[in-house]
Each structure stands twice: as structure tokens, then as C-alpha cells.
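Convention: sequence-line order gives letters A, B, ...; per-chain numbering from 1. These numbers come from the heavy atoms of this one structure, side chains and all, not from hydrogens, waters or symmetry mates.
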Amino acid sequence: MVNSGLEVLFEGRNFIRLLAGLWTSLRIALAAFGLSAVFGLPFGLLLASKHRVVKFILRAYLRFIWIMPQLVLLFVAYFYASSALGLNLSGQAAAVIVFTAWGAAELSDLVRGAVTSVPRHQYESAQALGLTANQVQRLVVLPQSARRLLPQAVNLVTRMIKTTSLIVLIGVVEVLKVAQQIIDANRFSHPDAALWVYGTVFVLYFAACYPISRLAKHLEKKWPN
Amino acid sequence: MDVNTLLDYLPLFAQAAVLTIGIAAMGVACSLVIGLLGAIYLYFRTPVLRQFFAVYIEVSRNTPLVVQLFFLYYALPKLGLVLSSAVCAITGLAFLGGGYMAEAWRSGLEAVPPLQFRSALSLGFKPIAALRHVALPQAMARAAPALTANTVFLIKETSVVSVVALPDLVFVAKDLIGASYNTSEALTLLVLFYLLILLPVALAAAALERKLRHGEFGT
């Protein structure tokens, strides 16, 4: 096949550019996940606690975030910040803020689920054995909730990575945008480049997410509930 | 925020909402069917088809919809397969959702004790009838929370179909922001319309889940 479009991938630095684009997405996903953990863990513990007002507010927040498409949240953060608040947020900054808001909501719900799923008798048995409240939390509740939380939290990482594909729509130059640029630059020499370049992006995303979702499945099997 | 502008934009958004709902409904319906087929083949360990669906589930669950849509819309025509925007969007949603729905159906089917199925066979049910009248109703009750969560997820995912040039809610909002700078009005309507679409679905899902949980005992 002459000029099938496959060569485009290996011309100049095209393939490296695609990988760099993917790295931009991954970096945003990882930063947002780290920040989500910072906010999500305390939120989750509050949700599992008995503070009624705090729980009500957090639940309303969770509901809203859960119902809104992430792209709508991105649009609100990106366009509203500049028009109404006068902030000139970059696309990347808007993405990290929105994915953190979303990730913290998702993670706090997972934390709540993990903590409340520890059966009551575990607390009571630990107390009967003479453990202090602190020891009950540290030695009994925490290890058990961590085992339930970890597989789901790992799964959230893959969802975070997949969601970063949306940021091309608020003008961030990531892997899809680089793919578009490569295709446009070679429109005349390689009219069929789209097939190979978008195919490569597809494979790259799969390569980034599949090992992580395998890890999540492995952890789930290792610690059955 | 200007109320008159909101009212001016209302018909545009209403029209886009109809499109969003239509695409979402078709996508969810197709993915439910694909998922059910996949789950049945996995459950009965049908050779070849089982492996096919196992690979399909991993691919569809580990790639983003935007990338799937880019591939369908911009790459497939190079192979001579030109799909219209709407067909692309529905195919993309069905491809993505099929994987998620298959997992949901499968976990439901696997929760039905095999004895139920075998008893039905011994009572003279044909396999298909045993599946339809005995295994699936029980599986559905188990799978319902995951199926409804996936439905909400897929409706939310519909928000990206503007990448295949469909004039959906996001497309209209972006168009108005670019053309007139009435950013707050456009974003308010965007959020309101998604609430209007998704809130009833989420509430119905919660009600359904409560009703089904009633039927379980001790778990």
C-alpha cells in the first residue's frame, strides 16, 4: 500500500508527539485523582458520621455532581470562570478543578460505602476484647474498609483517565488534538492518515486503562467481601 | 443574567434536548440488548462467542466514548464505511454501553443459583424458556441497580455527541457562547436542561431500587 497513512505515524516526531499528548491527559488525571483523595477521604468519613447538617449538604453536592455530565461541569468551569468571575482559567486548570470536584464526590461515596459496610459485630467484638475506640478504628475498621475501598478507588483512576478525553473540547492540546493536527498537516500527502492515527489513539487509551482495570479486578478477587 | 435572553434561547435548547433524549434512548436500548446477549453467551460459556464478548467488554470499557466516536466518524470513512452523525452517536453509545450492560446482566445472572435453571429444565422447560421465565426475572432484580446506574451514565455520556457534529445541548450552548457571549444564560440553560432530563431518571432508578430491595431478605 502506497501512502496508506501508516507511515505518517513514524514520520518525524509524530509518534512521540502523540505520546506526549497522552501524557498531558494522564498528568491531569493523576493530579485530579490525588486531589480527589485529599478531599474525598474526609468527605467520606463525614458522610459515614452522624453530623446531620454536614451530611445533608454533602449529599446534595454528591447528587448534583453525580447527575451532571462531566462535560457540562467542564463547560461551566471553563466558560463561566472567564465571563462572570473574570478569571482566565487555562483549559488544564479548569480540567483539574472539575475532575477533582467530580472525583472527590465519587471517592467520598466509595469511602462511605466501605466504612459503613464493616459489620456492627466487628465494632462490638473489638470493644468486648477491650480495645480502645482509637484501636478499634485503627486495627479493625480501617484495614477492612481499605480492602473494600482500594479496588473501587483503582477503578476510579481508569474512569478519570477516560474522562480526560473530554478536555479536547475546552481547547486543551492533548492526544486527540495532536492526532487532529497530524492528520491535518498530512491531509494531501496521506489522505487516509485518520484511520491509523485515530486507531493509534484508541489503542493508546486502551493501553493506559487496561492494566489499571486489571489491577482493580485482581484486588477485588484477592479480597472478596 | 437576562431573562429575555433565557426565553429567547429556550426553544433552541428544547429542540436540542429532544435530540439528546432520542439519541440516549436509542443508545440505551441497543446497549441493553447487546449487553444481555453478551451476558447470556458468557453465562452459558458458548465457545467463540464467549471469547468474542470477553474481548469486546474489555475494549469498550477501557476506551473513552470520545475516542470511539472520533474513530467511527473520522477513521471508518477511510475504509469506505461512511455513517451519518446520528448513526455514529448511537453506535458509539451502544458499543460503550454494551460492555457495561453485559457486566451488569452477567453479575445478575450469576447471582441466580444454577439449581433454579436445572430445576426448570427438569420440569420440562426448554433452555430458552427456562432462561426467559426463570433465570432472567431473578437476574433482572439483582442487576437492576447496576442497569439503572449504567442508564444514567449513558445519558450523561450523550453530552459528547457534538464531536460528531450533532446539534445537541452542549453544541447549542457552545454555539451561543461563541456567537453572542451570553455565557451565563447559555450555561444556565445547559445545566437546567440536563437536570430536567436526568433528575426524573435518577429518581425513578432510586424508586425502582427501593422496590426491588424490598424483595430480598437478610442481605
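In this structure, A/N88 places its CG atom where only 12 or fewer heavy-atom neighbours from other residues, nucleotides or ligands lie under 6.0 Å away. For A/R27, the CZ atom counts as densely surrounded, since its 6.0 Å shell holds more than 12 non-hydrogen atoms of other residues, nucleotides or ligands. Surrounding CZ of A/F39 are at most 12 heavy atoms belonging to other residues, nucleotides or ligands under 6.0 Å away. Atom OH of A/Y80 has 12 or fewer neighbouring heavy atoms from other residues, nucleotides or ligands inside a 6.0 Å radius. Around CD of B/Q15, the count of heavy atoms belonging to other residues, nucleotides or ligands within 6.0 Å does not exceed 12.
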*With side chain to side chain contact (heavy atoms under 4.5 Å, CB included) as the test, would you mind laying out the steps for A/E106 and A/M160 before giving the verdict?*
CA-CA 11 Å; A/E106 293 272 346; A/M160 197 73 94; over 6 Å; no

*Where do B/E103 and B/R106 land on the salt bridge (Lys or Arg N to Asp or Glu O under 4.0 Å) test, with the steps shown first?*
CA-CA 5 Å; B/E103 291 274 270; B/R106 191 175 61 137; 3.0 Å; yes

*Begin with the C-alpha distance, continue with both residues' side-chain angles, and end with the deciding distance and a verdict on side chain to side chain contact (heavy atoms under 4.5 Å, CB included) for A/W223 and A/R148.*
CA-CA 8 Å; A/W223 298 319; A/R148 286 179 200 240; over 6 Å; no

*Let me see the working for B/L189 and B/L12 under side chain to side chain contact (heavy atoms under 4.5 Å, CB included), right down to the final yes or no.*
CA-CA 10 Å; B/L189 283 171; B/L12 289 172; over 6 Å; no

_Stepwise side chain to side chain contact (heavy atoms under 4.5 Å, CB included) check, A/T24 with A/V178_ = CA-CA 11 Å; A/T24 305; A/V178 173; over 6 Å; no

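For the set A/L176, A/V76, A/I161, the entry with the most heavy-atom pairs within less than 4.5 Å of chain B is A/L176. Chain B forms more heavy-atom pairs under 4.5 Å with one residue of A/A208, A/G199, A/A207, A/A194 than with any other, namely A/A194. For the set B/I197, B/L199, B/V191, B/L195, the entry with the most heavy-atom pairs within less than 4.5 Å of chain A is B/V191.
Against chain A, the residues from residues 54-91 of chain B that qualify, each with a non-hydrogen atom under 4.5 angstrom away, are B/E58, B/V59, B/R61, B/N62, B/T63, B/P64, B/V66, B/V67, B/Q68, B/F70, B/F71, B/Y74, B/A75, B/K78, B/L79 in number order. Residue-level contacts of residues 26-51 of chain B with chain A do not occur; threshold 4.5 Å between heavy atoms. Residue-level contacts of residues 144-168 of chain B with chain A, in order of numbering, are B/V152, B/K156, B/S159, B/V160, B/V163; threshold 4.5 Å between heavy atoms.
Only the side chain of B/I177 comes within contact range of chain A, with heavy atoms under 4.5 Å apart.
Shown here for B/K174 and A/L169, the closest heavy-atom pair between the two residues is NZ-O, 2.8 Å. Residues B/V172 and B/A16 come closest through the heavy atom pair CG2-CB, 3.7 Å.
Every residue two or more places apart in sequence or in another chain was checked for a ring pair (Phe, Tyr, Trp, His ring centres under 6.0 Å) with A/Y205, and none qualifies.
Between A/F43 and A/Y61, the two ring planes are perpendicular [angle over 60°; tilted spans 30° to 60°].
Salt-bridge formation is not detected for the pair A/E174/A/K177: no Lys NZ or Arg NE/NH1/NH2 atom is positioned less than 4.0 Å from an Asp or Glu carboxylate oxygen.
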